[in-house]
Structure formats: C-alpha cells, structure tokens
Amino acid sequence: MAIPYNRRTHRCGELRAADIGREVVLAGWVNRARDHGGITFVDLRDHTGITQLRFDPASAAGPHDTARTLHNEDVIAATGKVVGRGEWVNPKLPTGEIEVQVSAVDVLSRSDPLPFQVNDDFEAGEDLCLRYRFLHLRRPEMQARLRLRHAIAAAIRAYFHEHGFIDVETPFLTKSTPEGARDYLVPSRVRPGTFYALPQSPQIFKQLLMIAGYDRYAQIVRCFRDEDLRADRQPEFTQLDMEMAFVQREDVMNVVEGCVQRIFKEALGIDIPLPLPRMTEHEAMNRFGIDRPDTRFGLELQDVTELVRGTEFSVFREAIDKGGVVKCIVASGGDLLTRKVTDGLGDEILGIGGAGLPLTKVAQGAGGLEFATGIAKHIQPLAAQLCAQVGAKAGDTIFFMPGALADVCKYLAHLRGRLGSIMKLVPEDKWNLLWVIDFPLLVWDETEKRWFSTHHPFTAPLDEDIPLLDTDPGKVRDKAYDLVLNGTEMAGGSIRIHQQAVQKKIFGLLGIGEQEAKEKFEFLLDALRFGAPPHGGIAFGLDRWAMMLSKSESLREVIAFPKTQRAVCPLTNAPSPVSQAQLDELFLSVKPLPKK
RNA sequence: GGGGCCGUAGCUCAAUUGGUUAGAGUACCGGACUGUCGAUCCGGUGGUUGCGGGUUCGAAUCCCGUCGGCCUCGCCA
C-alpha cells in the first residue's frame with residue numbers, strides 16, 4: 001500500500017504536543033538516520049523543519065528494516081501516530097516534544113553518496129556549492145534567504161498594486177546604449193551583423209510609459225551589465241523599477257518610504273518610523289566623506305584647515321597652498337589602535353591611492369593635553385587648541401588627511417569605515433535609513449576636461465538652480481535622491497527633465513551635440529516633443545535588499561543560481577561554445593584567442 | 001588589466017616551517033548495539049597534495065609558469 005505523499009497532513013516542522021494521538025502523513029528528506037540495532041530514529045526534513053521518526057522493530061518490523069537502509073538525503077514518505085517523547089524530549093527542536101511512531105514507510109528516491117553534506121554546518125567550497133547548487137539550496141540558511149527575498153518581492157508587488165501602479169513589461173532584446181556599462185549583446189539572425197543589447201535598466205522605457213500616459217508604473221525586472229564582478233555585483237541582477245507622472249520629488253520619496261516601511265514590516269517584522277531622515281549630499285560629504293554615509297556610529301570628519309593654516313609642517317602646508325584642506329577623525333580607540341593596526345590602516349590608504357596616514361596620539365602632559373607619537377613634533381604647538389576644537393582627550397588617536405577635498409573625503413571615508421569595525425562601534429541590529437538629496441547635477445572631469453552627469457543626462461536640475469546652468473554649472477543641484485541603508489546605496493532615482501529646452505541645454509553642457517543626441521536618444525527626444533508630463537521614479541536593487549536584510553556577505557547568497565567572479569555558472573557550465581551550425585546561421589565567426 | 005589570499009581523501013581541515021609510510025573528523029563500506037537526537041563502539045576502503053616545470057640527497061612545504069575560487073583596485077551613466 002503506497003503512502004499518499006500527495007496528501008501530506010503536515011510539514012516536517014509543524015507537529016507539536018497538541019497533535020499527540022493523530023495519524024499523520026509526512027514526506028521529506030532524510031536529514032540523519034540513527035540505527036541502534038533495535039530501535040531506529042530518522043530525522044525527516046523539509047523546508048519547515050525536522051521531525052523525528054521512530055521505527056520500532058517490535059511494532060512494525062517491515063518499516064524498521066527499511067529504515068535501517070536509509071541514508072542522508074533519501075526521499076521518503078511515512079505514516080504513523082504522533083506520540084509524546086516522555087523523558088526524551090529534545091529542547092533543541094521545535095518539534096522536540098513529539099515523534100512519529102511509524103507504521104508504514106515508502107522510499108520515494110534514494111540518494112547517492114553526497115559531494116558534501118546538507119545537514120552539517122561545514123561550508124563547502126563555494127564553487128562546489130554552486131556546482132551542486134540544488135543541494136546547497138536545501139540547507140535551512142539558503143531556504144531562509146530565498147524565502148526572505150520572496151517576502152521582500154511580495155511586499156513590493158502588493159504595495160505598488162495597492163497604490164495604483166501597473167506592471168508593464170519592457171523589452172530584454174533592445175538597443176545598445178553608448179554610455180554606461182558594457183552591454184551584453186545578442187546577435188540578430190534575421191539581420192545578420194546586427195545586435196540587440198540586453199538592458200542595463202529599463203530607464204528610457206519607463207520614461208516613455210510616463211509620456212504615454214501610464215502615470216504609475218512599477219516592475220520587478222532583470223538588468224544586465226557586462227562588467228567585472230564583486231561580492232555585491234552580478235552580471236544579471238534584479239531591480240524594482242518604478243516611475244510616476246505629475247509628481248515632485250517629495251511625492252516619489254513618500255511613496256518609496258511607504259514601500260520601505262512595508263518591506264521591513266513584512267520581511268522582518270520591524271517597524272520603521274517615517275518620514276526617513278534626509279541629508280544633502282553636501283552635508284554627507286562634509287560629515288562622513290561619502291554620499292552614502294553609515295550613520296550607525298560617529299567618528300565624523302572634522303575640518304581643521306583653518307586651525308593648521310599657519311603650520312610649518314610641510315605635508316599640511318603643501319596641501320593648503322594648493323587649495324586643499326586638512327580634515328581629521330578623532331578615535332577613542334584605546335588599546336585597539338596599536339601601532340600594528342594603525343600601520344595597517346596606513347597601508348590601506350596607500351593601497352587606494354593615498355599618500356599616507358599622518359596621525360598622532362593625545363597624551364596628558366604637565367601643562368595640558370599634548371601630542372605623543374606620529375607627527376607630534378611637527379604640530380606640537382597646536383595641541384591644546386586642536387584638541388579643544390575636535391574634542392580629543394588623552395588616549396585618543398587623531399588621524400589627519402591633507403589634500404584635495406575629494407581625495408580627503410575618499411580616504412577618510414574609507415578610514416572611518418575601517419575604524420568603525422576595528423573599534424566595534426557598528427551596532428549590528430540597527431537599520432539606519434536615510435535619503436541623500438541635492439546632488440551636484442554635473443561633475444567636472446579633470447582628465448577629459450568636460451562635465452559628466454552625476455546620475456544620468458535626464459536628471460532634472462533644481463528649479464532655483466536652473467539659472468546657474470549658464471553661469472556656474474558646477475553649483476547646480478539636481479532633483480535626485482538616493483536611499484541609503486547602513487552605508488549602502490539601496491535605491492536611486494530622480495525627477496526627470498520633461499522640457500526639450502532644458503534637456504538640450506544639459507546635452508550642450510555634456511558636450512553631446514545635436515547630431516549625437518539624435519543618434520543616441522532620438523526616441524526619447526521625440527517623445528519629449530509630443531507632450532511629456534513632469535515625471536520621476538526610482539530603482540531598487542532587489543538583490544541588495546535581500547542581501548542586507550538577510551545580513552549576507554555576498555549577493556550570491558541571495559540569488560538561487562548565481563555566477564562566479566568570472567561570470568561562469570558552475571551548475572550549467574555557461575557560457576559555453578556553440579555549434580558551427582549555430583554560428584553559421586548568425587553569420588558569426590569566432591576569432592582565435594591571441595597567443596601569449 | 002593590476003594587487004592580495006587560497007587550492008592536501010567525496011567534504012571540512014592538519015602535517016612540528018625542506019626530512020621516515022601525508023594524518024584527523026565526517027561521508028562511504030562491513031560489524032555490534034532498543035531512547036538516540038552532531039548517537040556510540042570496533043574494523044575497513046579512500047591521496048597524481050589543482051596542473052606543468054625547476055631547485056634539492058630529499059618538496060604538500062621553496063622558485064617560475066599555468067588553471068580554478070574568493071577579496072580588491074581599475075571598471076560598474
């Protein structure tokens with residue numbers, strides 16, 4: 001008599017003491033079997049948990065014989081009665097008060113010996129985990145991550161549906177865009193020699209939808225970028241892409257905040273108070289040296305340029321003479337900031353392009369606070385005044401950074417992050433969300449001697465700054481907004497330009513001539529000519545949300561079938577060569593690899 | 001493209017820093033055991049130390065190259 005595995009009465013994590021006496025049907029994977037010669041126990045696992053099955057030779061000889069043959073990851077169905085465990089309760093399991101006294105068992109599928117164990121904590125090599133991803137995904141941690149990811153996606157879909165947004169699908173086979181990341185290309189068979197590009201984002205399509213009168217659009221959509229991978233970067237990734245018409249910046253931010261609140265509530269059960277804090281890009285750079293500050297801890301940057309302006313110390317002197325600044329971070333690191341540690345930090349600064357990390361320690365001298373080590377001898381006369389200004393006490397370490405403002409910010413932002421973790425100042429249970437707004441619309445590139453968009457060329461300037469486009473373009477702020485969570489950029493968007501005149505002016509500043517603009521963005525420019533409503537939107541990195549909310553180290557942990565650093569899928573072995581026939585059909589030939 | 005770390009049994013790791021026959025846990029195979037829950041106990045199979053070259057009396061260990069994985073800089077509007 002076959003066990004009706006399609007009529008499971010419970011999942012493996014569900015049974016409790018209240019169920020004692022019930023006849024149940026369970027099915028799942030053998031997590032572990034313990035054969036005592038007589039009585040045999042089998043831990044049966046599914047995604048909800050584990051239930052102990054009890055096979056007693058006295059009451060059910062046949063099932064007991066079967067149980068003795070079971071191995072890890074065999075798939076079985078069993079039926080029996082839920083019984084109490086008496087004195088043998090296992091407090092480690094939610095189902096530990098009961099077990100199932102098995103009366104019949106079917107082996108639905110046997111497992112070969114495993115390349116790695118599903119039921120233990122040893123993390124197999126990552127390539128092996130990806131090669132046998134279906135096994136790795138059986139593990140409870142992976143189950144939890146993918147289910148959390150689903151909860152986030154489900155919250156997003158429900159929220160936008162309830163707020164009147166519609167999901168419109170945009171093409172994957174689309175046009176290569178000249179700027180931005182490298183495109184993934186797909187050859188056309190019917191127009192040999194031409195190529196589609198997979199979209200880096202549906203940016204232009206969603207703007208066209210606004211112009212087409214679909215005033216609230218939201219889509220969870222795959223995007224593709226052929227660039228080198230990182231722990232937080234995959235060649236294909238998923239965005240929540242959203243756009244609204246007839247809105248100002250506040251409207252978009254309000255809708256997004258509501259969505260964020262919903263995500264935290266439904267995925268983690270956490271209440272996020274609204275509205276979220278806002279900070280201008282200027283303030284963020286000033287205080288944290290970065291436009292996506294982690295506000296969970298202090299160690300803010302302090303400007304001491306004026307105070308050290310008169311110093312003879314050549315390292316500071318030269319920076320200031322070149323129009324740069326001197327900023328510092330005061331760290332009450334105590335014994336954590338040993339010579340070895342600070343030397344290491346200095347090496348890191350060198351590694352990211354800095355010239356070094358001048359520092360000193362504050363000590364209590366006879367006549368007040370004085371500088372002890374490092375660059376002490378160069379700036380000793382400033383000790384009292386400097387310590388007073390930056391709030392340094394005896395025992396503190398002051399890290400200085402002289403140079404051009406942008407460089408100083410870069411190095412001190414890096415340092416701040418490292419100090420935060422070395423000094424264990426980062427509270428792991430906090431979720432610090434904030435908006436960063438008022439970015440510069442344009443940044444000057446000294447190497448290419450031209451302006452670049454901070455975000456993209458369709459980002460609208462602040463209305464009050466539009467006159468500055470003619471006089472001082474670098475001062476123009478934009479209507480962009482980035483959502484930052486614990487120092488990570490989680491979403492970014494803007495109000496878009498909906499007026500031809502402004503768009504033309506921006507293209508002019510970017511050095512994009514009329515001819516070039518027409519070639520690259522003709523369809524968007526066309527659309528702007530035929531009645532474009534004011535509009536704006538945002539894109540969330542869904543993978544990154546899942547990674548952050550599950551506190552994962554890597555994007556690969558929240559993607560079911562991710563790729564390795566060389567963009568290979570070890571499971572399917574993609575990418576792989578194709579047949580000559582396939583190439584012929586596309587009129588493609590493959591060049592031989594260059595010899596070394 | 002640059003820099004760094006890593007690669008030893010199916011898996012996770014060790015090997016006294018160049019020295020005898022490369023070990024342990026786990027998995028797997030055989031045996032014992034009626035209350036385990038990382039079961040226990042006894043026995044066993046399992047190794048091209050990623051691959052190729054070099055140095056050496058002797059290489060898992062040192063050197064060069066190469067392949068793969070991870071981290072990172074560049075790159076990612």
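In what follows, chains are A, B, ... by sequence order, proteins preceding strands, each numbered from 1. When reading the values below, keep in mind they use all heavy atoms of this one structure, side chains included, and skip hydrogens, waters and symmetry mates.
The base of B:rC37 lies outside donor-acceptor range of the side chain of A:Arg54, with no N or O pair under 3.5 Å. Scanning atom types as modelled, one donor and one acceptor separated by under 3.5 angstrom connect the side chain of A:Arg233 and the base of B:rC76. The base of B:rG68 is not paired with the side chain of A:Glu126 by any donor and acceptor separated by under 3.5 Å.
The ring pair (Phe, Tyr, Trp, His ring centres under 6.0 Å) test applied to A:Trp29 returns no partner, not counting sequence neighbours.
A:Gln52 comes within contact range of at least one nucleobase, with a heavy-atom separation under 4.0 Å. As judged by a 4.0 angstrom heavy-atom cut-off over every strand, A:Arg131 is placed among residues making no nucleic acid contact.
Here A:Thr564 reaches the OP1 or OP2 of B:rG69: one of its side-chain N or O atoms lies under 4.0 Å away. Using a 4.0 Å cut-off, some side-chain N or O of A:Arg566 falls inside it from OP1 or OP2 of B:rG69.
Crowding of A:Arg145 atom CZ: a count of heavy atoms from other residues, nucleotides or ligands under 6.0 Å exceeding 12.
Distances were taken from every side-chain heavy atom of A:Ser201 (C-beta onward) to each of B:rA77, B:rG35, B:rC76; the shortest belongs to B:rA77. Taking only side-chain atoms of A:Asp228, from C-beta outward, the nucleotide of B:rC37, B:rU26, B:rG74 with the closest atom is B:rG74. Set against B:rC70, B:rU34, B:rA77, the side chain of A:Gln565 has B:rC70 as its closest nucleotide.
The one candidate from A:Phe237, A:Phe172, A:Tyr196 that meets the ring-ring contact (aromatic ring centres under 6.0 Å, His included) condition with A:Phe224 is A:Phe172.
As rounded to the nearest Å, B:rU20 and B:rC57 have C1' atoms that lie 14 Å from one another. For the P atoms, the distance from B:rA9 to B:rU55 is 28 Å, rounded to whole Å.
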